[in-house]
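Single-structure report; data block below.
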Amino acid sequence: MSDEFEDKIGQQIRKSLLLEASKIDVPPVKEQWEDFVRRYRAPKKRTNRISKVTLTAAAVVLLAIAGSFLRPSTASALGERLIDSIKVFLGGSLYNVNTVQKGNSDPPTIERNELPSEMEVTLDEVEKIVYFSVAKPHYLPQGTERKKVFLTQTTGDTYSIKMEYSYNSQPFMLLQNNLVAGHNGSFLYDSDDAQVNNIDINGNEGHLLKTKDGTLILRWAMRGLEIELIGKIEEDDLIKVARSVT
Amino acid sequence: MFFPKDKKIQLDEELYERCYHRVFNALNLIIRDPELAKDAVQEGFYKAFCNFNQLREQNKFCAWVMSIAINQAKNMLQKNSRQVLTSETELSNQINSSGYNPPDPVSDLVLLKDEVENVLTKLNVADREILVLKYFSDYSTEEIAAILEISTQNVNQRLRRARERYRIKNTLNKSSESLEGCGQ
């Protein structure tokens, strides 16, 4: 196949090309190599190094931020900051109240096998199902009667018990959830609509929230339970009920 | 293959020195612009060194750089032709002041008087490219096919056409020379 092109024309072309090439001033190779090094080697490598450092730093920062969410206390702190930001938007009237369960052990592993579902039960049944001692009020104002008890298994180990009462034809509730160690709960309220006072409930810090429509919410934590009393009831009576809960 | 930094630079320099003349001369014959050829060759070496690990047969380094540099040069030519064609007066001034034969992307349109005798300058870049690789660089059909990333059949076809165009232009050139001779 090569013979086809190695004829007279081929020789003529080769001759012309060699003649033309002989007239070209070829730049010195050393000079061109130095130019090459100047152009590509030094600056480009430096840029790459900077970008690698920047990338590494960015990756470390991202990992640190992502890692911080693994710790409940840090996540809670971030939540606080978020709430502070919201407060600014709402003109400083939004507040967050924390309910902290102190404990040294880590939260137990939770298996989410069952979906939370509320079921009506009797108090006796509740006490058979849950592994903790159910909190009950030993004082109730006159005219209060217990209507219903509901049990919700929120996760494998945590339960929510709602005891509904009627007080002067008004609903009145006692809610309780068992807390896991390290639990850090909170609730938000707007100071334009509600007012919050700290109340001592047998040595535990409670928060009494009074809404504009006269509903009182008293919330505190004791012996691993988060308890909430809700109802349109006299403040003194509510506190008395709270202090009678064991 | 990994080398210490100093050793790598030394190897790069050796390869550069071994291939530079071969690549530069061929490229300059194809595009006929030494400055553009210089830039394209430098860029070709840079890309080749950066992707050295992709080279399967290391004894074909020069052909590989050639391939990259040719593509680079063609891209540069395309860019330049858009710019140069807008100011032909400026181009002629540059040609006159440089003292070098016009090595420009529009060489098919702008031919200087003393270049008429060289038929190769009348061919387009594609024809010069295939002829230079075949008759100046002495690459085989297979090697040209690899450099230009085309099939061997395509190489042969392009070679035949380029040679035919060269033959026709050469004949025409000779006829016009003899006519000029008769006129005198």
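Letters go in sequence order (proteins before strands), and every chain restarts at 1.
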How long is the span from the CZ atom in R128(B) to the CD atom in E20(A), to the nearest 0.5 Å?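 These two atoms lie 8.0 Å from each other.
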
Atom pair CG/CD1 of L159(B) and I13(A) - distance to nearest 0.5 Å: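 Interatomic distance, L159(B) CG to I13(A) CD1, rounded to 0.5 Å: 8.5 Å.
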
For each of Q11(A), R14(A), K30(A), tally heavy-atom pairs with chain B at distances under 4.5 Å, and name the one with the top tally.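 Winner by heavy-atom pair count: R14(A).
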
Interface moiety of D12(B) toward chain A, non-hydrogen atoms closer than 4.5 Å: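 Backbone plus side chain of D12(B), per the 4.5 Å heavy-atom cut-off to chain A.
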
Region of Y20(B) that comes under 4.5 Å of a non-hydrogen atom in chain A: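 Contact with chain A: side chain only.
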
Is the shortest side-chain heavy-atom distance between [X] and [Y] below 4.5 Å?
X: Y135(B); Y: S16(A); value: no
X: L29(B); Y: I24(A); value: yes
X: F45(B); Y: W33(A); value: no

Select, from H21(B), E17(B), R167(B), E13(B), the one with the greatest count of heavy-atom pairs under 4.5 Å involving chain A.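 The option with the most such pairs is E13(B).
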
Nearest heavy-atom pair of [X] and [Y]: which atoms, and what distance?
X: I9(A); Y: Y166(B); value: CG2-CD2, 3.9 Å
X: V132(B); Y: L17(A); value: CG2-CD2, 3.7 Å
X: K38(B); Y: P27(A); value: CE-CG, 3.7 Å

Do R39(A) and E43(B) meet the salt-bridge criterion of a basic N to acidic O distance under 4.0 Å?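 Looking at E43(B) and R39(A), the cut-off is not met.
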
Taking atom types as modelled and ignoring hydrogens, do the side chains of Y16(B) and Q32(A) form a donor-acceptor contact shorter than 3.5 angstrom?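 There is no such pair between these side chains.
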
